[in-house]
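Taking it in order: structure first as structure tokens, then the write-up.
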Number of protein chains: 2
Amino acid sequence: MQILVVEDDNRISNFLIKGLEEFGYLVTLCKNAEDVLAHYMHVEWDLIILDIMLEGMDGVQLLQTLRYKKVYTPILMLSALNSVQDKVSALDYGADDYLTKPFHFDELLSRIKALTRRQQYQQQETPKAELTFGDLHINLEQYKVTLGTEPVELSPREYKLLIYLVENIDKTVGRIQILNAVWGITFDNHTNVVDVYISYLRNKIEKGDRKYIYTVKGVGYMFKI
Amino acid sequence: MQILVVEDDNRISNFLIKGLEEFGYLVTLCKNAEDVLAHYMHVEWDLIILDIMLEGMDGVQLLQTLRYKKVYTPILMLSALNSVQDKVSALDYGADDYLTKPFHFDELLSRIKALTRRQQYQQQETPKAELTFGDLHINLEQYKVTLGTEPVELSPREYKLLIYLVENIDKTVGRIQILNAVWGITFDNHTNVVDVYISYLRNKIEKGDRKYIYTVKGVGYMFKI
DNA sequence: CTTCAACTACAAGAATTTGCATAGATTTTT
DNA sequence: AAAAATCTATGCAAATTCTTGTAGTTGAAG
């Protein structure tokens, strides 16, 4: 689930990103409205969280522009004020929901769930806590991976990568695709972090001679039992 | 057990919060009806305690609005007057119980117990007052923790944190999640209070070499026997 | 079958982040 | 006023992340 956060206050954006990531969302931050239009529109976001108050073009203007451009991604507006006027204009211009700061994180989560319900049933109709692939066990609640009975110590990034591969089991996923999903949207394609982390993962979960991660030359990687 | 108190008189709210926390409830205060609708509705409260007299939108109006919005959380109304009219309209509009100030705390407690009985049997078929994890005993009624036979002196915040971790036993809880549940609403993630209090707790309950609180790197903490 | 360019694997280490302890400032309670 | 509790700030060691550079692999053209 990819969420774009448009917010120029670092304190708030940090809080949002960290919190949402704790709950398994992939979050990308954009600090101003102009950049959203210039660079972030070609990505298919599941949700956009948009602050009303922004330097330069403000949130409502961006909202208007997006809807004018026929972007129908669910949009959740954030505002510091509980101004009725703001709320009305936001909803008038096509926002899907509206939340005033500060809020309980639970509340944000439940609204996100409501707004992305359409997509959700595909991914998590029954959120399983335990996944098993041969010897490999992944406990999603405990963030714990074991190989047979042996625990596997994965760093956060390694874990995230494994989860992504596993979610796309039997499908080849490209490097850029992985980069987007695991590292967040980035325009840097002169990096080989993906290769490096695939290598780390292999060292940790393919200690036996069982193979899980297959290289698809020229394309990317595939997780397979 | 999470209780929301809606009350604008500080004297009364302090009294309620302190008293309820002594009996192990997690209490959140909201000072006006508007904020309840704006910020607190999407949290799954076990009980809402609602003063009839409030600045702005009053308790009965809020009650009506909540029920109209299909919020079926048990609601206990508080009133300064023993007005039959108030009582009738409160119960008419869907309050579950009604209490006039001043009241004996015992009475409030027994009504809370009655109102939350429905949920209780789901969570704790036999509502245990005493939780035991290895050497660690937590007496919820007496707000007392012992390690073996040795009493453990916890500050209120430490206790609240412990209870939250224990309620989520075997599940990893993130820092933001903890911050929200134990410290209340905040946008501040440039704080390390959670870490500090985890450390305090560990010092107090892991005096032997038994471990209870596990760090999940990059994510948060997990309570485990 | 050999060659070679493109692709992949991974070691080493620099840079950054994280978790934790400690000290002390501030607030609340007694 | 004293004590307790809460929270901030800081430093540091260890873990993590990511870059760079090199060696190895692959597979298609000759």
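Naming convention: chains lettered A, B, ... in sequence-line order (proteins, then strands); numbering from 1 in each chain.
Proximity of A:Ser155 to the phosphate of D:dT17: a side-chain N or O atom is located under 4.0 Å from OP1 or OP2. For A:Tyr221, a side-chain nitrogen or oxygen approaches OP1 or OP2 of C:dA9 to under 4.0 Å. The phosphate of C:dG19 has OP1 or OP2 within less than 4.0 Å of a side-chain N or O from B:Arg175. Under 4.0 angstrom from either OP1 or OP2 of D:dT6 there lies no side-chain N or O belonging to B:Trp183.
Between B:Lys160 atom NZ and D:dC7 atom C1' the separation is 15 Å, expressed in whole Å. A straight line from CZ of B:Arg202 to C1' of C:dC20 spans 8 Å, rounded to a whole angstrom. The nearest whole Å value for the distance from the NZ atom in A:Lys18 to the P atom in C:dT17 is 10 Å. Distance, A:Asp195 CG to C:dA12 C1': 17 Å, rounded to whole Å. Remark: P of D:dA15 and CD of A:Glu153 are 11 Å apart, rounded to the nearest angstrom. When rounded to the nearest whole Å, the span between CD1 of A:Ile198 and P of C:dA11 equals 15 Å. Remark: C1' of D:dA15 and OH of A:Tyr197 are 10 Å apart, rounded to the nearest angstrom. Nucleotide D:dT16 holds its P atom 13 Å from the CG atom of A:Leu201, rounded to whole Å.
Below 30°, between 30° and 60°, or above 60°: for A:Phe133 and A:Phe223 the angle between ring planes is above 60°, a perpendicular geometry.
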(request) List the steps, then state whether ring-ring contact (aromatic ring centres under 6.0 Å, His included) holds for A:Trp183 with A:Tyr197. (result) CA-CA 11 Å; A:Trp183 274 261; A:Tyr197 271 79; 5.6 Å; yes
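In the set D:dT19, D:dA5, D:dT8, D:dA5 carries the atom at the smallest distance from any side-chain atom of B:Pro156. In this structure, of D:dT20, D:dC18, D:dC7, it is D:dT20 that holds the atom nearest to the side chain of A:Asn192. Minimum atom distance to the side chain of B:Lys217 is reached by D:dA15, of the listed D:dT8, D:dA15, D:dT17. Each of D:dT17, C:dC20, D:dT19 was ranked by its minimum atom distance to the side chain of B:Thr215; first place goes to C:dC20.
The minimum heavy-atom distance linking A:Glu21 with A:Lys160 is given by the pair OE2-NZ, 3.9 Å.
B:Asp58 contributes no side-chain N or O that, together with a main-chain N or O of B:Leu54, makes up a donor-acceptor pair within less than 3.5 Å. Checked by atom type and distance alone, the side chain of A:Arg175 never pairs as donor or acceptor with a backbone atom of A:Thr191 at under 3.5 Å.
Five base pairs at each end of the helix from C:dC1-D:dG30 to C:dT30-D:dA1 define two local axes, and these are offset by 30° (rounded to 10°).
Of the two residues near DNA chain C, A:Val216 and B:Ser199, the one whose nearest nucleotide lies more 5' is A:Val216. Across the interface with DNA chain D, nearest-nucleotide mapping of A:Val196 and B:Leu154 shows B:Leu154 to be the residue nearer the 5′ end.
More than 12 heavy atoms of other shown residues, nucleotides or ligands fall within 6.0 angstrom of atom NZ in A:Lys211. For B:Lys204, the NZ atom sits in a packed shell: over 12 heavy atoms of surrounding residues, nucleotides or ligands are nearer than 6.0 Å.
Heavy atoms of B:Val194 sit nowhere under 4.0 angstrom from any nucleic acid atom.
Side-chain to base pairing of A:Tyr200 with D:dC18: one donor and one acceptor N or O lie within less than 3.5 Å of each other.
With 3.5 Å as the limit, one finds a donor-acceptor pair spanning the side chains of B:Thr132 and B:His137.
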